[in-house]
J.: 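One structure, as structure tokens, below. Some questions next.
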Amino acid sequence: MKTTNLILPLSILIMASCGNRNDKNSGNNMTTNSSIDLANFDTTVNPKDNFYQFVNGNWIKNNPVPSAEATWTNFNIIQDNNLLNLRTLLEEAAKTKGEPGSPKQKVGDFYSTAMDSAKLNKEGIQPLDAEFKLIADIKSVADLPAVIAHFHIIGVRPLFDFGIGADPKASTENITTLNQGGIGLPDMDYYLNPDASLKTIREQYMLHVAAMFKLMGEPEKQASVIASKIFELEKQLAEKSMTRVQLRDIEAQYNKKTLADFIKSNPAFGWAAYFKALGIDSKVDHLIIGQPAFFARIDEVIKSASLEDWKNYLRWNLISSTAGKLSDNFIQERFNFYGTVLSGSKTLRPRWKRVIQQSDMSLGDLLGQLYVEKYFSADAKKKVNVMVDNLTASFKERINTREWMSDETKKQALHKLETIMRKLAYPDKWRDYSLMEIKSDSYVANFFRGNTCDFKYMADKLGVPVDKTEWGMTPSTVNAYYNPSYNEIVFPAGIMQIPFFDANADDAVNYGGMGAIIGHELTHGFDDQGCQFDAEGNLKNWWTKEDSLRFKERTNKVVEQFNHFAVLDTFHVNGELTLENIADLGGLTIAFYAYKKSLEGKPAPEKINGFTGEQRFFISWAQGWRGNMRPEYLKQLLKTNPHSPNMARVMAPLANMQEFYTAFDVKEGNGMFRAEKDRPVIW
């Protein structure tokens with residue numbers, strides 16, 4: 001279940017976690033040179049021609065994607081280290097059996113129950129008996145809304161997505177939001193695009209759905225018929241879904257209606273029954289409909305699909321959402337499609353890794369409290385806070401010197417920058433999990449209980465002011481985000497680690513790594529989406545018309561640049577989808593000048609390993625995004641991910657920065673060179 005807040009993360013390729021294997025007092029024993037390892041370089045490549053390959057070539061050659069992964073990057077490596085840390089915490093909690101209701105009891109029982117593969121294999125699908133009976137007992141289409149509401153509460157998400165969060169145009173008020181959803185493939189394009197490779201995936205998807213129904217006891221022929229009908233139902237939903245590029249248009253998705261008006265215009269689905277079953281009918285007076293055409297299609301499909309088709313669709317959503325918490329045959333079949341066909345992974349990740357990731361998702365702050373107590377050093381938080389100060393000051397100077405902005409717009413931009421709230425490491429106030437009950441009876445039952453608790457936590461927001469102290473990521477997550485409704489930047493403890501941040505590295509390395517990440521998130525407040533929100537977090541235009549046009553001219557150059565970036569055979573980056581690139585370019589530029597500011601007017605320290613401070617800054621940026629990726633996964637990301645592939649994220653911003661040209665003496669004729677007129681300079 002998601003809130004409606006538009007969180008703009010650093011990366012959604014991997015929502016990972018990082019950390020030392022050691023405790024929080026013993027991880028900072030590395031030398032100044034430790035964060036740049038020359039052994040990773042490919043010195044046969046000229047940095048002026050391909051900087052990404054120059055910095056990362058040997059690393060790429062020596063770090064193929066492991067069989068259980070779809071991609072292998074710094075995120076994966078530090079994630080694996082962090083999983084070991086979390087494993088220690090969870091195994092200790094499972095062994096010590098904390099007091100009933102205590103954090104240790106809850107995380108320990110969740111982990112030990114999920115790890116009991118013998119019990120899970122013996123039970124098979126039996127833990128879902130009550131849910132299947134609920135579906136079987138549906139007597140008419142009029143019963144569907146209440147059943148769908150029940151599934152949304154326990155974390156199964158058929159038909160559409162439901163959320164509660166800050167109203168984009170009234171950021172202190174919580175509101176209900178409905179958005180498109182209900183499909184099993186990654187994107188609408190997978191259902192509608194005639195491309196041969198996607199046609200193959202569609203065929204494999206229907207085989208997967210049929211295989212799941214066979215595991216549930218359906219005869220092979222009947223399972224194939226059911227799979228075909230489920231695909232057709234989902235295809236009808238896909239036909240009226242917005243594209244990924246259209247979903248970047250925030251204003252187009254702000255369709256606020258009274259509940260009465262929404263019910264009147266969408267009469268076929270029993271919305272009154274749905275909200276009553278959620279238990280919030282008395283609290284919902286207005287709601288935001290993200291994609292009205294999609295919900296009109298739901299009304300059409302409600303009338304056309306048979307009751308039996310709806311029952312099978314719900315059965316499919318139930319088993320697909322829970323297969324990873326059942327016996328090995330269900331786990332393996334789900335992996336065969338989502339892991340291998342879609343992402344190219346060859347083998348399942350070990351059970352303990354899969355269980356720990358679910359533990360982190362289900363038990364967030366409970367596990368987070370244990371994590372920061374044992375593994376996080378407060379020194380990192382203090383030093384990152386200083387970097388945020390310098391990045392903010394650098395950004396202020398950049399805004400003041402932008403010739404394309406009028407004084408009126410600059411004034412508003414500076415006000416927004418000055419009011420950005422920062423959240424570092426972990427929440428000041430931990431979430432209360434006292435109502436969450438975790439037992440040792442069933443993995444999937446604990447999954448449902450956790451989701452039910454999350455739903456109640458979210459539902460309780462209705463009718464009360466937005467709590468802008470809450471976090472959208474767990475403390476151990478290796479990622480960061482900007483939330484425009486809160487006008488905040490958030491950096492969990494997990495990302496304040498090597499290679500992104502090294503307390504013993506020189507400033508050039510830290511500003512090229514962590515500094516660029518901070519700058520990325522700050523720039524999100526002023527990119528194509530964030531710039532639509534004012535300092536208070538409201539969706540409101542604060543630009544002059546002329547400045548908006550000049551901004552658009554510059555961002556169009558970014559779109560054009562990335563549209564020409566080929567990353568796999570004939571597959572190109574979609575520049576409109578990946579306008580996150582604005583934050584990469586802005587963040588790196590701001591970080592460079594913040595690094596210069598950190599020198600306090602003094603020249604950079606002498607060369608280290610033969611590189612100047614400015615060169616080490618850009619090397620740090622490039623090594624942060626090194627990685628290998630399976631072609632199946634890369635193709636999926638090119639269609640669905642608002643972030644560009646790692647090589648493009650490194651190369652394109654550098655090719656736009658004169659500061660990089662100066663540092664490495666890049667000239668016309670070099671591979672990294674772009675004519676000055678083609679370089680977008682925004683922030």
Side-chain angles (χ1 to χ4, degrees), residues 1-2 125 127-138 141 143-163 178-188 190-191 202 205-218 222-238 240-241 269-270 273-274 277-278 294-295 297-298 301-302 304-326 330-331 333-338 342 358 361 443-445 447-448 450-452 454-455:
M1 196 65 61
K2 296 182 179 179
I125 202 171
L128 295 178
D129 282 353
E131 305 304 328
F132 283 119
K133 185 177 186 304
L134 184 67
I135 296 171
D137 287 345
I138 294 174
V141 171
D143 295 336
L144 287 176
V147 175
I148 289 173
H150 166 74
F151 281 144
H152 285 175
I153 290 171
I154 66 174
V156 180
R157 297 164 63 186
L159 206 54
F160 58 90
D161 281 354
F162 169 90
L178 301 178
N179 281 297
Q180 66 188 43
I183 59 177
L185 288 170
D187 183 70
M188 60 174 290
Y190 282 77
Y191 293 86
R202 287 193 284 269
Y205 178 60
M206 283 188 278
L207 290 174
H208 165 60
V209 177
M212 281 292 205
F213 274 89
K214 283 189 282 184
L215 290 177
M216 289 191 286
E218 293 287 352
Q222 180 63 14
S224 296
V225 171
I226 291 171
S228 179
K229 289 187 175 182
I230 287 172
F231 178 83
E232 288 303 317
L233 196 157
E234 291 183 350
K235 182 181 178 182
Q236 291 182 68
L237 298 177
K240 293 298 182 179
S241 296
F269 186 85
Y274 172 78
L278 290 181
F294 177 84
F295 287 91
R297 174 51 58 93
I298 286 179
V301 180
I302 283 287
S304 62
S306 71
L307 185 61
E308 195 62 29
D309 289 345
W310 280 116
K311 288 185 177 183
N312 286 327
Y313 173 74
L314 293 177
R315 290 168 69 199
W316 161 241
N317 275 264
L318 176 61
I319 197 64
S320 185
S321 297
T322 59
K325 288 87 180 166
L326 299 173
F330 286 98
I331 292 171
E333 177 51 43
R334 180 172 173 79
F335 171 79
N336 290 344
F337 179 73
Y338 287 103
L342 280 184
Q358 185 59 58
M361 287 189 286
Y443 183 12
V444 76
F447 172 67
F448 289 156
N451 291 332
T452 301
D454 286 344
F455 176 84

J.: Would you sort out whether Ile125 and Leu215 count as a side-chain contact (heavy atoms from CB on, under 4.5 Å), showing the intermediate values?
T.: CA-CA 9 Å; Ile125 202 171; Leu215 290 177; over 6 Å; no
J.: Of all heavy-atom pairs between Ile154 and Asn451, which one has the smallest distance, and what is that distance?
T.: O-ND2, 2.9 Å
J.: Return the minimal non-hydrogen interatomic distance between Leu307 and Val141, and the atom names on each side.
T.: CD1-N, 3.9 Å
J.: When you measure from the side chain of Ser228 to the backbone N and O of Ser224, does any donor-acceptor pair fall under 3.5 Å?
T.: no
J.: Would you find more than 12 non-hydrogen atoms of other residues, nucleotides or ligands less than 6.0 Å from Lys311 atom NZ?
T.: yes
J.: State yes or no: are the ring centers of Tyr313 and Trp310 separated by less than 6.0 Å?
T.: yes
J.: Taking all non-hydrogen atoms of both residues, which atom of Asn312 and which atom of Ile230 are closest, and how far apart?
T.: O-CD1, 3.6 Å
J.: Has the side chain of His208 got a donor or acceptor atom that lies under 3.5 Å from a matching backbone atom of Phe335?
T.: no
J.: Using modelled atom types and a 3.5 Å cut-off, is there a donor and acceptor pairing between side-chain atoms of Arg297 and backbone atoms of Gln236?
T.: yes
J.: Hey, does the side chain of Thr322 reach the backbone of Leu318 with a donor-acceptor pair shorter than 3.5 angstrom?
T.: yes
J.: Angle class for the Phe337/Tyr205 ring planes (parallel below 30°, perpendicular above 60°, tilted otherwise)?
T.: tilted
J.: Side-chain contact, heavy-atom cut-off 4.5 Å: Phe162 with Ile153?
T.: no
J.: So that I can tick it off, tell me whether Lys214 and Glu333 are bridged by a salt bridge, with the cut-off set at under 4.0 angstrom between side-chain N and carboxylate O.
T.: no
J.: Carefully, step by step, assess Gln358 and Lys325 under the rule side-chain contact (heavy atoms from CB on, under 4.5 Å).
T.: CA-CA 10 Å; Gln358 185 59 58; Lys325 288 87 180 166; 3.2 Å; yes
J.: Minimum heavy-atom separation for Leu134 to His150, with atom names?
T.: CD2-CD2, 3.3 Å
